[in-house]
Amino acid sequence: QVQLVESGGGLVQPGGSLRLSCAESGITQDYYNIGWFRQVPGKERERVSCISSRDGSTGYADSVKGRFIISRDSAEKMVYLQMNSLKPEDTAVYYCAASMIDLLPCYIAGQGLYDYWGQGTQVTVSS
């Protein structure tokens, strides 16, 4: 059974940083993509970033390029989202998800191609 568990959310001031973690378990396929998404109540879920387990290539939404960094520790089965220079508009529930369709570049995969989702972690950027 595939499980994804996010952690690391919280309250941070504008300009601050947070690192989100996503613990993977139960994935037996060799190659897949992990994505980070976020959602604000009343709005559509937004794709934030992704990483390929095949070659480590990454993709980012324009709104977070240069501020967020996605990484993966394949040995520990962990995916991280380092979020720097946070803005109030980054406030959302952040979800990690796994896509068993190994598309490259990973960013061409929309959320409909993600098969498994975590429960989400709240990130609030406010002074």
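Numbering starts at 1 and runs along the sequence shown. Predicted, not measured: the structure shown is a model, and the values here were computed from it.
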If every non-hydrogen atom of [X] is compared with every non-hydrogen atom of [Y], which pair is closest and at what distance?
X	Y	answer
Ser63	Glu46	OG-OE2, 3.3 Å
Cys22	Trp36	CB-CZ2, 3.6 Å
Arg67	Leu86	NH1-CA, 3.9 Å
Cys106	Ser52	SG-N, 4.4 Å
Ile51	Val79	CG2-CG1, 4.2 Å
Gln29	Tyr31	NE2-O, 2.9 Å

Under a 4.5 Å cut-off applied to non-hydrogen side-chain atoms, are [X] and [Y] in contact?
X	Y	answer
Val125	Lys87	no
Leu4	Glu24	yes
Gln122	Thr91	yes
Tyr32	Asp102	no
Asn33	Tyr114	yes

Distance in Å, [X] [atom1] paired with [Y] [atom2], rounded so as to fall on 0.5 Å steps:
X	Y	atom1	atom2	result
Ser99	Ile34	OG	CD1	9.0 Å
Arg19	Asn84	CZ	CG	11.5 Å
Arg54	Asp30	CZ	CG	9.0 Å

Sub-3.5 Å donor-acceptor pair from the side chain of [X] to the main-chain atoms of [Y], do we have one?
X	Y	result
Thr121	Gly9	yes
Ser49	Gly59	yes
Gln13	Ser127	no

### side chain to side chain contact (heavy atoms under 4.5 Å, CB included) between Lys77 and Arg72, intermediate numbers included
CA-CA 7 Å; Lys77 300 290 187 183; Arg72 183 172 183 267; 4.1 Å; yes

### Query
In terms of heavy-atom contacts, does CD of Glu44 have more than 12 from other residues, nucleotides or ligands at under 6.0 Å?
no

### Task
Would you kindly say whether Gln1 and Ser25 are connected by a side-chain donor-acceptor distance under 3.5 Å?
no

### Message
If only side-chain N and O atoms count, and only distance matters, is there a donor-acceptor pair under 3.5 Å linking Arg45 with Gln111?
### Response
yes

### Message
Centre-to-centre under 6.0 Å for Tyr60 and Tyr107, is that the case here?
### Response
no

### Task
Evaluate the ring planes of Phe68 and Tyr94, with Trp represented by its six-membered ring, and classify them as parallel (under 30°), tilted (30 to 60°) or perpendicular (over 60°).
tilted

### Query
Parallel, tilted or perpendicular for Trp117 and Tyr95, by the 30°/60° rule?
perpendicular

### Query
In terms of hydrophobic clusters joined by side-chain contacts under 4.5 Å, are Leu104 and Ile101 together?
no

### Query
Does Leu81 belong to the same Ile/Leu/Val/Met/Phe/Trp/Tyr cluster as Ile69, with side-chain heavy atoms less than 4.5 Å apart forming each link?
yes

### Message
Quick one, Cys96 with Tyr116, criterion side chain to side chain contact (heavy atoms under 4.5 Å, CB included). Give me CA distance, side-chain angles, the key distance, then yes/no.
### Response
CA-CA 9 Å; Cys96 70; Tyr116 304 100; over 6 Å; no

